[in-house]
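Basis for what follows: all heavy atoms, side chains included, without hydrogens, waters or symmetry-related copies.
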Amino acid sequence: MQHQISIRLTVFVGIIFCQSSCAAETSLEKSLSSFPIAAIQNLLDPLHDGSFLNFTNDNPDIRRVSEPCLFDLVQLGKDLRARKSSAVQMIDSFGKVPSGLIRGHLQWFGAYDECLAVNKSSVNYCLTRLGSSDDLTAIQRSPALGTCLPRTCGSNDIELIVNVLIEAIAKLAKQSIPELDTLRSRSTVCELDNPWEGGAFLIMAVIAIFAVICTFGSILECCPGVTRIGHARRRSTFTRIVEDMEDDPLLTTTTENGETVKIDIEEEVVEEPLAFRAFQSFSFGASWRFFTDERPNEIPYLNGMLVASVWWVLIGKEFSLGELVYENAYDYFDGMKTFLGQLIVSSYLAGDTFLLISGLVLTYTILGRLERNGGRLNWAWLYIRRYLRCRFMPCCLFVTSNSLIHLSAHRLTPMYAVLLLGFVFLVPHVVDGPFPLLVGQDIGRNPILFCKQYWWTNMLYINNFVPLDTTQQCMDWTPFLAIEMQLFLITPPLVFLLYKCSKVGLAAIVSLIAGCLVTNAVIEAQWGLPIAMFQVPLKHNDTYDPTFDYVGNKPYTRATPYLIGMMLGFLFLKKPVWQFPYPKFDIVFNIGCWISSCIVANKVIFGLYDEAYNSPTAVNMLGRVSWQMLSHLGYSASISWVIFACNYGYAGPIRDILEWKVWRPLSHLTYMVYLFHPLTLQLWLVTQRDPFYFNLINMTSFFFAQLISVYTISFIFGILIEFPLLRLERAIMRF
């Protein structure tokens, strides 16, 4: 018995230490090949049968436990020896060492609901990490053990108790294991009550008010005698007619004298009061028409591009949850090293599509207005309106006489604020279980607290710079919105240069692109930053901070696609119709450009396959600098050709696919889907009680389930808030 316990404990400690010392390994299987894995399955048997109690009384650490907790622990021991159901249920709720350790199954949550079912007022569920270091990276790679102990025991008490249990189990083995000197319980987090705050009632009141106003607006629209804005009203006058007039009851009436008269219908457009127009903007019917109707002179090929891009983002986010939620995390890592896995790893490139289209749209729109208004434009109002509307992820282009005249991406900062309030004040009341505790351990703090501290950075669109520590960002998927807003700040001056002197404007844009490429190269050369999963910097020095975002979400490193889009918008405005100057070689030109575009896109998306995963330091400095410098440029060039080909008639069946009508309503929800997709993913995952098994069937089913969920939520909030506010703005501007 003692020898078996010694083997179990040795293997267990070896695995824990391998998580810290072998962090750079791409697979844990090599590191554990020498361990008798089967021996660890019942490692915590002494804990579950109560035999550890004989060894805890002599441990001086037990006296450091708080007095109320110690009193309840003594009572728990008595109840456990007496086999009382509540005590047995508490101990049964403890996490147990599972199978699948070498595949990354390190979440030993136990039975969360069973623990709290004992008596939520007297017991508490806590999650502690078993590791050898307090370093955050080491904690993230340490096993998570669920505990169920009296509520009087706080997180410090839990750590002391677990440490005592570890030593008690070691005494049962009666064999010295040096590694146990540093193996400790660390970063313990306990389930806490979440009191309702004023912000929760505020956000619920806001949603309720919007629902009431939308209902009232719908009633106004449906009431008899109330017509829609701008529609003609009828005014009747009596006119005598001849006796042989056809008796049409809809066109005739009878006077008091018995004469038949004709109703002369005249059309009269009546302007409605602003208040009426405002309420009418919130009508469900009007929002539905905004969502489904085809726009005049619409170019729908961008709809398909935007939907495909946001789905790519959604797939990447789903898969990248990684070792936090997968019970076979190392199968996930192996999957990401395959050829098809590069589609997931490269999903961040979808953001370049959004930036490119945004730059194209804004340049075309602003430059077109300048030309129509003789160079006059209200610049201050342009910036104010941009902030309020936050035109992100344009959804459709419009043309007249084969030329682009407008592109609208009406996306609202108010919707962003509603999401932020909901995330801070409502989400804590709809999530529970071990996963929220695990997330808090992995980032060192509850993410809700980061939003309460840094919410203002989101509203000012500077959350990609503040805070410096990226693990403390509020809603870590939103810094991309800040990039788009910051790039807009330089757009009007550049467009004005294009208007005044196109050569100077184009030279300025090309110079900025060159500066962006050089900036990426210099930053990469400074540290040799990782360009793929599992890689480490080539230069580790005192100035490198792994929590700082050097290139991912900074405007000076991500501006290339946006600036290329600006040049594309300038081209479309100046050349509404374009044809290859050598008609005989038109087909050669078209095929050559498509082949070149596919080759470049393939290299960017799949270029890191195999070579980049050979070791943590794979790809030398020159390769990393070249990749960091040219990858966004190459991808942007490929997407630019697709847009160019669709606009000038070189896309063929590709344009037909992108123009499918099914994409139109989905594209109108692109911004909402981007905002809500991480939230729907997290809400599902953090309410689970056990880790999620990673395989293709599960992930495919999960993707389609999340697709339905996020579009449903986006549609509801679009109908209630986003679309009505857009119509309200238009009504006010027309008044």
**Prompt:** Below 4.5 Å, heavy atoms only, C-beta onward: do Asn520 and Tyr556 meet side chain to side chain?
**Reply:** no

**Message:** So that I know where these two stand, are Tyr550 and Phe548 an aromatic pair - ring centroids less than 6.0 Å apart?
**Reply:** yes

**Asked** For the residue pair Cys451 and Met475, what are the closest heavy atoms and their distance?
**Response** SG-N, 3.8 Å

**Request:** Please work out which of the three classes, parallel, tilted or perpendicular, describes the rings of Phe694 and Phe319, given edges at 30° and 60°.
**Result:** perpendicular

**Item:** Row check, Phe465 ring normal vs Lys554 NZ/CZ: under 6.0 Å, within 45°
**Value:** yes

**Request:** Could you tell me the separation between the CD atom of Gln706 and the CG atom of Leu683, rounded to the nearest 0.5 Å?
**Result:** 9.0 Å

**Message:** For the residue pair Asn458 / Tyr416, report whether a side-chain donor-acceptor contact shorter than 3.5 Å exists.
**Reply:** yes

**Message:** Could you check whether any side-chain heavy atom of Ser636 comes within less than 4.5 Å of a side-chain heavy atom of Leu563, counting everything from C-beta outward?
**Reply:** no

**Message:** Please verify the inter-ring angle class for Phe480 with Tyr674; under 30° counts as parallel, over 60° as perpendicular, anything in between as tilted.
**Reply:** tilted

**Message:** If you take the centroid of each ring, where Trp contributes its six-membered ring, are Phe692 and Trp684 closer together than 6.0 Å?
**Reply:** yes

**Message:** Ring-plane angle category for Phe423 and Trp477, please: parallel below 30°, perpendicular beyond 60°, tilted otherwise.
**Reply:** perpendicular

**Request:** Identify the two heavy atoms, one from Thr687 and one from Val431, that lie closest to each other, and give their separation to 0.1 Å.
**Result:** CG2-CA, 4.0 Å

**Asked** Can you find a side-chain donor-acceptor pair between Thr478 and Asn463 that sits under 3.5 Å?
**Response** yes

**Item:** Partner of Val710 by side chain to side chain contact (heavy atoms under 4.5 Å, CB included), out of Val310, Leu675, Thr680, Leu681
**Value:** Thr680

**Request:** With Thr128 as reference, evaluate Ser155, Ser142, Ser187, Ser185 under the side chain to side chain donor-acceptor pair (under 3.5 Å) test and give the passing residue.
**Result:** Ser185

**Message:** Taking the ring of Phe333 and the ring of Phe534, is the distance between their centroids below 6.0 Å?
**Reply:** yes

**Prompt:** Should the ring pair Tyr609 and Phe339 be called parallel, tilted or perpendicular, given that the plane angle runs from 0 to 90° and is split at 30 and 60?
**Reply:** perpendicular

**Asked** Are the aromatic ring centres of Phe435 and Phe109 under 6.0 angstrom apart?
**Response** yes

**Message:** Checking Gln473 against Asp549: is there a side-chain donor and acceptor pair closer than 3.5 Å?
**Reply:** no

**Prompt:** Hey, what do you get for OH (Tyr454) to CD1 (Ile462), rounding to the nearest 0.5 Å?
**Reply:** 11.0 Å

